[in-house]
Amino acid sequence: MKWVKFRYSYNMEYNFRETEKKWQHYWATHKTFRTENSSTKKKYYVLDMFPYPSGAGLHVGHPLGYIASDIYARYKRLTGFNVLHPMGFDSFGLPAEQYAIQTGQHPSITTEHNIARYREQLDNLALSFDWDREVRTSDPEYYKWTQWIFLKLFNSWYNTETGKTEPIEKLEEKFTLHNAQCAVGAANKSWDDLNEKERSDVLMDYRLAYLSEATVNWCPAMGTVLANDEVKDGVSERGGYPVERKKMKQWSMRITAFADRLLNDLEGIDWSESIKEQQRNWIGKSEGVEINFAIHNAQFTIQIFTTRPDTIFGVSYITLAPEHELVEKITTNAQREAVLAYVEESKNRSDRERMADIKRISGVFTGAYAIHPFTGNQIPVWVGDYVLAGYGTGAVMAVPAHDSRDFAFANHFNLERPKVIQPKNAEWDFDKESYDEKEGSCINSDFLNGLTVKDAIKKAIDEIEKRKLGKRQINYRLRDAAFGRQRYWGEPIPIYYENGIPKPVDEKDLPVILPEVDKYLPTADGEPPLARAKNWKYRPHPLPISKGEGESFPLETTTMPGWAGSSWYFLRYMDAKNDKEFAGKDAINYWQDVDLYIGGSEHATGHLLYVRFWTKALYDLGLIPVIEPAKKLINQGMIQGRSNFVYRIKDSNTYVSKNLKENHETIATNVDVNIVEDDILDIEKFRQWREENAKAKFLLEDGKYICGNEVEKMSKSKWNVVNPDDMIEKYGADCLRLYEMFLGPLELSKPWNTNGISGTSNFIRKLWRLYHQRQISNRQLAVGNEQPINTESKSDVQFLLNKFHVSEEKPDRKELKSLHKLIKKVTEDIERFSFNTSVSSFMICVNELTAMKCKKREILDPLAVLLSPYAPHVAEELWNLLGHKESVTYTKWPEYKAEFLNEDSFAYPISINGKTKMNLEISLALNKDEIEKEVMNSEEVKKLFQGQSPKKVIVVPGRIINIVV
RNA sequence: GCGGGCGUGGCGAAAUUGGCAGACGCACUAGACUUAGGAUCUAGCGCCUCACGGCAUGUGGGUUCGAGUCCCUCCGCCCGCACCA
């Protein structure tokens, strides 16, 4: 029987390999997803957070958000919107540079290579991006405008009176007009008397992008400064290198000026509560009061900040941060040695150490006393590193009875702990811990006695302001963002130095192109890599009158951080090829802002804050019409890896199966998940996997080696990476898309499990089979199969070739109901981003149609449209087979018709006091009141009542009727 | 410690406004077609019970004719921030 060999022929099934290739080629050559900047249609902007093109390529977790945004973008197109759905690459960054340091290969080559790979992977997923708008942050045509925006920020200041960003010239005019007094070093001078350098220094204190001597996060291993959000637990977020605090001259962005607006404007945007909360937390607004404490027998005043002025009478000492400038000045001679030693010690303790032993209490008495502003009592002044120099005034009034940190300190050094708040209805052991709660009433507090905490805070502030002891103050935890990086692979900062005065490069000379260097490392004197560049100089024009022809000045050698390019990229997509402007006015006015932004929540306090900051600054300068970059934000969950482990018996080459390992001392190691199936190790593949495994011995259970498993972050080092290319190769892109959506709610993190993918694969094949008639294969006949083929025999049918077939018959009511149920469900699901339930609905519909053997055109036609956002290749192929000439992208989303959804009548369960007694057939056309009447008049229901009268009748149309007696 | 989110079968999960809990899929079981099955089709699949029926959405309580859903208590998990005065 020769024909046996055709059994597994692909002819039988949907050939995803061929179909997907065909349509991807079609979309690319026809530029199906190109978007115009003007249209009579309403605009809709769907944006993904663009990726950093790393060498590892995409894993199955990355596309989750891209698929979701793609579904939404395709849906919006089909419902009549002009959709902007672009993609690009955040292509400046550390890994390419690290690789360059190791290999000498220029980062642009690595980056180019990685982008090509990313592009290929993204194309395979059939994401409907308009690639004509692609942006790359490392492209000079792009970073020209990043530099341009930097100059705008450099040339702007934040006017706190108007609450707006304004050009720096306005400030200069103001200074000139009023001949303002300006702080220069320690002295005050008039603006007219200042020289050029001094004026530059004064203005620098106002610019939004500014150079200052500041304490920064210095990462010695990477040789660069990092922003606060790039440091986690005292180590760098990328690489995990230790970070220390260092004072150095540094470029920063004055994001703190926008703190209040960044906080308040969160109210108006549809972002997840958790992201908003993280940002609120990061901004850390706290309202309180600054109070001055005079030093006994000295001219100094210590200014403290507190949010609890109600506890002012509980102050028993004052603590200064070790870095506080008064420490040196007020310390008595007797204490000098001890204090200096302590300050020195604190300086050398890194943040990481300080955080590691948070419980260690340390401090030293200065010998000085402050005077309590209300009681006139003398209270000791201490130095302690639990007080942070960078927050508030770097000094606190300590209230040990009502603040746990003060309590710990006071307890340790045996200081007084006066009680001033009486806890409400509670016996509190003040010897054991402090009472920090903001509830209770004031005691031992003079004019505050008897007031609640809330009232006392108000009264105390009023009194403090009345007596001119201090004033209301709002503090933020947010710090200005470090902007310069001592690295190569970033945008050069377009600043040059003329006689040490930083000056902006002329707009006409942008971009300042990243120069070639011999090595990507700092110079021998610790200068950033750009200092290696030959002739890293700028020749301003017109040349300063006094200078000779050809004089040039050194350029800035630090580069911009990774977040610079990503803080405005959403604007560039609007007009990506514009070489006159960062984006044209018309394009900006048409596209406005992002309607839907999808990306990971890990950017909550980084990118998502910076992009809001730049948007507000650009708005103030009249460059864009919106104050927020994105109306709606969705954070897709992370897809975790499911790692597998093998257990090697210590000091041997024997591996013991999971359930037998208790009897041995074993070492667990990650094993490549690709050689494990259902936790069963493929021993042969394991032997080949690594050289040292070749002679491995195994202790098996039931003849199998069972691996352990755990859910971990997907990463190369854990051998748990599942590559989307492999999935696409095996099941096809549509299947992968459907499965990723089917896994669960978009925003939930979930482990990847390849097992379930057969479900969506079956669905696609089932749909395909439904519209393909079986026909005898020519190939089969050619090899001489002379046996009669019985089309009823399922085994015979397998040898037949498929041919597309739809029936032109009108669908009946049941079939239409199935379809319209689906339309309604899928429409609603997409609107609320519940893609997983949509996939279920498709499966139900196809199951129903298969059961009804419904192969009708009028059903498939809308079905293909509904499916196109989810499984674009299959949909496009079916659409084409149905005889449509244009891509399914250009058609219309079907509307559901309610008349097909409901039956004419419904058997309502009638329950009395919640107990179901009977079912009653009632027309669905009736409204609530009519149903009620119908029920009350029904003979059968009357029988049930037996004379009782109903108290209440509850009707839920289409569902339930309950009668309360 | 503070803040945010969550808890439903063996597993991923559904239940949109308080209205038939567990849709859909995976895994599993049985059967059909088979020389064969990692194909396809049919049926079953929360727990207890031969059955009738009863019990079930982390725990305990409350509101309601009716609670997975709303309110309170406790327990557990995940995420973020954390000496921020």
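Model, not experiment: these values are computed from the prediction. Residue numbers begin at 1 in each chain, while the letters A, B, ... track the order of the sequences.
- Distances shorter than 4.0 Å separate none of the side-chain N or O atoms of A/Thr760 from OP1 or OP2 on B/G25.
- Judged by the 6.0 Å distance and 45° axis criteria, A/Arg642 is not positioned over the aromatic ring of A/Trp752.
- At a threshold of 4.0 angstrom between heavy atoms, the contacts of A/Asp436 with the nucleic acid are absent.
- A/Arg765 comes within contact range of the sugar-phosphate backbone alone, with a heavy-atom separation under 4.0 Å but no base atom that close.
- The six-membered or imidazole ring of A/Phe413 lies away from that of A/Tyr317, with a centre-to-centre distance of 6.0 Å or more.
- Listed nucleotides: B/A27, B/G4, B/G80. Nearest to the side chain of A/Glu277: B/G4.
- Nucleic acid contact class of A/Asn762 (heavy atoms, under 4.0 Å, all strands): sugar-phosphate only.
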Reading 5' to 3' through nucleotides 7-15 of chain B, protein heavy-atom contacts under 4.0 Å coded B for base, S for sugar-phosphate only, - for none:
-----BSSS
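- Here A/Arg477 reaches the OP1 or OP2 of B/A82: one of its side-chain N or O atoms lies under 4.0 Å away.
- Look at A/Arg832 and A/Glu828 and you find no salt bridge, because none of the NZ, NE, NH1 or NH2 atoms lies under 4.0 Å from a carboxylate O.
- Side-chain N/O atoms of A/Tyr391 include one lying less than 4.0 angstrom from OP1 or OP2 on B/A85.
- The side chain of A/Ser286 has B/A85 as its nearest neighbour among B/C83, B/G4, B/A85.
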